[in-house]
Number of protein chains: 2
Amino acid sequence: MNKIQNASEDLLNAGIKPSYQRIKIYEFIIKNLTHPTVETVYKKLSKEIPTLSRTTVYNTLKLFEKKELIRSVNIEENEMRYDGQKHIHGHFKCTVCGEIFDFNYNYNDLEFSGLDDFVLNQTDVMIKGICKKCRIKNS
Amino acid sequence: MNKIQNASEDLLNAGIKPSYQRIKIYEFIIKNLTHPTVETVYKKLSKEIPTLSRTTVYNTLKLFEKKELIRSVNIEENEMRYDGQKHIHGHFKCTVCGEIFDFNYNYNDLEFSGLDDFVLNQTDVMIKGICKKCRIKNS
DNA sequence: ATTCATATTTGTAATGGTTACAAAATTAAA
DNA sequence: TTTAATTTTGTAACCATTACAAATATGAAT
Ligand SMILES: [Mn+2]
Ligand SMILES: [Mn+2]
Ligand SMILES: [Zn+2]
Ligand SMILES: [Zn+2]
């Protein structure tokens, strides 16, 4: 049922004016689902947009997140990462290679106690460990 | 079955030499279960230990975490928090008042897919929303 | 087309949490 | 007491992020 839309339409639907920079940043995020940092987005897009500013990337990604177009991933302790996938899923960080993997879990299986009358807006499940590749490499 | 121990014994059991500063920092963390920041620990203990250095607090809390005496909580995006409670529990951050609440969930209810042959070392469940007090206040 | 107001982008400076580092102080062994 | 090892301290550096104002782009009104 997902209507295929282009970047401009997505931005307009979120109430964001689709400027050139915003379209390019949005397209990068939804096409590169590797949880890139601001610096990664900036470096890659700078080749295409030589005048691009880091501040624009920071502000634009923050704007996208506020408008719920994308999500931020905070598993890295020092640097923010962004995620173009909006469906509920968890993140696994390999402490050896640093890569961040997606995984699925059933949100409805989670029962919380101690949060009566709280409003729950966003749930994040984060796991740290060793990925398959690194586990085998260091046999 | 938990044997009641004093701070020195806990530190020794973890392989940490119980210096004066380490004992005080450890006691503060296990007695103040409000997920304090480094700055909070430093400010409070400075009254008791006027010569205390921020660096000591940073290094000591990092050491405690590595030796699995305490846990770090990363739900605050800019500042690290520390937690003297080691049992598995989740963290809720109120986006209005900023307070961080503990909640319980059943770890065994969580079934992951996509992590076959991965080594899982640490799981964190974090929720953002509005706490009861703030929800009522802003009726 | 020109003027004007608004929105967006840009570059630089400042902020703030954290880390690096070496000197000072403490502890323990010889 | 010497000596070496450990711990603590204070300062400087680091670096991701934010603040801010100038520059640029957009769009409507005249
Ligand atoms: Mn993801
Ligand atoms: Mn806790
Ligand atoms: Zn790995
Ligand atoms: Zn609250």
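Within every chain, numbering begins at 1; the chains are lettered A, B, ... in the order of the sequence lines, protein sequences first and strands thereafter. These numbers come from the heavy atoms of this one structure, side chains and all, not from hydrogens, waters or symmetry mates.
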Nearest whole Å is fine: how far is D:dA12 C1' from B:Tyr58 OH? 15 Å
Any idea which of C:dT9, D:dT18, C:dA7 is nearest the A:Lys17 side chain? C:dA7
Show your reasoning for whether ring-ring contact (aromatic ring centres under 6.0 Å, His included) applies to B:Phe103 and B:Phe92. CA-CA 7 Å; B:Phe103 65 85; B:Phe92 177 99; 7.4 Å; no
Starting at atom CG of A:Asn78, determine the distance to atom C1' of C:dG16, rounded to an integer number of angstrom. 15 Å
According to a strict under-4.0 Å criterion, is B:Gln21 in side-chain N/O contact with OP1 or OP2 of C:dT26? no
Calculate the interatomic distance between B:Lys43 atom NZ and C:dG16 atom C1'; express it in whole Å. 12 Å
Look at the side chain of B:Thr55 and the base of D:dT11, then say whether one donor and one acceptor between them are separated by less than 3.5 Å. yes
Roughly, in whole Å, what's the span from CD1 in A:Ile25 to P in C:dT8? 13 Å
Looking at B:Thr37 and B:Met80, would you say the former's side chain and the latter's main chain have a donor-acceptor pair under 3.5 Å? no
Flag, side chain of A:Asn32 to backbone of A:Thr34, donor-acceptor distance under 3.5 Å: no
Nearest of D:dT8, C:dG17, D:dT18 to any side-chain atom of B:Thr56? D:dT8
So does A:Ser19 get a side-chain nitrogen or oxygen closer than 4.0 Å to the phosphate oxygens (OP1/OP2) of C:dT9? yes
Do the rings of B:Tyr107 and B:Tyr105 sit parallel, tilted or perpendicular, given the 30° and 60° boundaries? tilted
Using a cut-off of 4.0 Å on non-hydrogen atoms, how would the nucleic acid contact of A:Arg22 be classed: base, sugar-phosphate, or nothing? sugar-phosphate
Can you tell me the distance, in whole Å, between the CD atom of B:Glu76 and the P atom of C:dT18? 10 Å
Can you work out whether A:Arg81 or B:Asn59 has the more 5'-proximal nearest nucleotide on DNA chain D? B:Asn59
What is the distance from NZ of B:Lys62 to C1' of C:dG17, rounded to the nearest Å? 12 Å
Please identify each residue that fulfils side-chain contact (heavy atoms from CB on, under 4.5 Å) with B:Lys17, with sequence neighbours left out. B:Arg22
Nucleotide D:dT17, atom C1' - distance to CD of B:Glu79 in whole Å: 14 Å
Describe the nucleic acid contact of B:Thr37 in one word from base, sugar-phosphate, nothing, applying a heavy-atom distance below 4.0 Å. nothing
Does D:dT8 have OP1 or OP2 sitting under 4.0 Å from an N or O in the side chain of B:Ser53? no
Separation of atom CZ in B:Arg54 from atom P in D:dT11, rounded to whole Å: 11 Å
